[in-house]
Amino acid sequence: FFYAMNNNSLTVDFEAYTMSIFPTEFDWNFGDGTVGTGQNISHTYDEAGLYLVTLHSIDSTGCEFVYEEEVRVLGQGGDCEAFYIYIQAPGMNGIQFLDQSFGGPTSWAWDFGDGTTSGEQNPIHEFEEAGEYEVCLSIFCEETACEDTYCEIVIVEGTSSDCESF
């Protein structure tokens, strides 16, 4: 799944994607004791924090997909805060990184943990091989002179099964 936060808000918009042509059911557990249904859904958390969100989907052939991801809800904070999410296409080593920082950053510095870097806001990076990489995003906001860095372990999976949701 993919999610996007509204800047300085506790509301997160979720979108479910599946490899199936005919998905029929999408059930969400937002990690805060609440649940929801639907392919595209918004949820407002009571407070900022890290939540384990689970998507359970079923397609018309009965294939079930379960995907979990930690979602960091920022809410209202200081002048800026670095944060990103990433999406990996099944069976590929390429990752799409999506900047979710707030505070109006004007520059981005990515360190992919494999000796390569990027200054793009939303880079696509091809890892040489599957594995775990500590990927860091550093931002700078020219207007407020605020800077922040966020790092996360990214697991690059080289292959996937026939039934997969993301």
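Just so it is clear, the values below take in all heavy atoms, side chains as well, and ignore hydrogens, waters and symmetry mates. Here, residue 1 is the first one in the sequence, and each next residue gets the next number.
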| field | Side-chain donor-acceptor contact under 3.5 Å, E69 with Y67 | value | yes
| Would you say the side-chain atoms of E25 pair up with the backbone N or O of S57, donor to acceptor, closer than 3.5 Å? | no
| Do V12 and F30 have side-chain heavy atoms sitting under 4.5 Å apart? | no
| request: With rounding to the nearest 0.5 Å, note down the distance linking CD in E132 to CD1 in I153. | output: 6.5 Å
| query | Between E47 and V73, what is the shortest heavy-atom contact and its length? | reply | O-CG1, 4.4 Å
| Rounded to the nearest 0.5 Å, how far apart are OG1 of T116 and OH of Y133? | 9.5 Å
| field | Donor-acceptor pair, side chain of T106 and main chain of E142, under 3.5 angstrom | value | yes
| query | Under 6.0 Å between ring centres, would you say that holds for F140 and W108? | reply | no
| remark: In terms of heavy-atom contacts, V135 and V154 come closest through CG2-CG2, 3.6 Å
| message | Go through it in stages, so that I can follow the logic: the residues are T54 and V66, the test is side-chain contact (heavy atoms from CB on, under 4.5 Å), and I'd like the CA-CA distance, side-chain angles, deciding distance and then a yes or no. | response | CA-CA 7 Å; T54 304; V66 177; 4.0 Å; yes
| said: Could you report the tightest heavy-atom contact between P123 and S118, atom names first, then the distance? | reply: CB-OG, 3.8 Å
| request: To the nearest 0.5 angstrom, please state how far the CD atom of Q96 sits from the CD1 atom of I87. | output: 6.5 Å
| Between C63 and I58, is any pair of side-chain heavy atoms under 4.5 Å apart? | no
| C146 and C80 SG atoms under 2.5 angstrom apart | yes
| Is a donor on one side and an acceptor on the other found under 3.5 Å between the side chain of D111 and the backbone of T117? | no
| task | Could you check if a side-chain atom of V53 sits within less than 4.5 angstrom of a side-chain atom of W28, using non-hydrogen atoms only? | result | yes
| said: Would the pair C136 and C151 meet an SG-SG distance criterion of under 2.5 Å? | reply: yes
| Check: F127 and V156 side chains under 4.5 Å, non-hydrogen atoms | yes
| Pairwise distance CD1(I139) to CG(D99) - rounded to 0.5 angstrom | 7.0 Å
| query | What distance separates F26 CZ from F1 CZ, expressed to the nearest 0.5 Å? | reply | 12.5 Å
| task | Classify the side-chain pair D114/H125 by whether it contains a donor and acceptor separated by less than 3.5 Å. | result | yes
| request: Would you check if there is a donor-acceptor pair between the side chains of D13 and S42 at a distance under 3.5 Å? | output: yes
| task | Assess the side chains of H43 and T11: does a donor N or O sit below 3.5 Å from an acceptor N or O? | result | no
| Is the distance between the ring centroids of F102 and F83 under 6.0 Å? | no
| query | Does Y45 have its ring centroid less than 6.0 Å away from the ring centroid of Y51? | reply | yes
| task | Evaluate the side-chain proximity of D59 to F65: yes if any heavy-atom separation is below 4.5 Å, no if none is. | result | yes
| Just wondering, more than 12 heavy atoms not from N122 lying within 6.0 Å of its CG? | yes
| query | What distance do E15 atom CD and L55 atom CG have between them, rounded to the nearest 0.5 Å? | reply | 12.0 Å
| query | Going by distance alone, is a donor N or O of one side chain under 3.5 Å from an acceptor N or O of the other, for E152 and Y150? | reply | yes
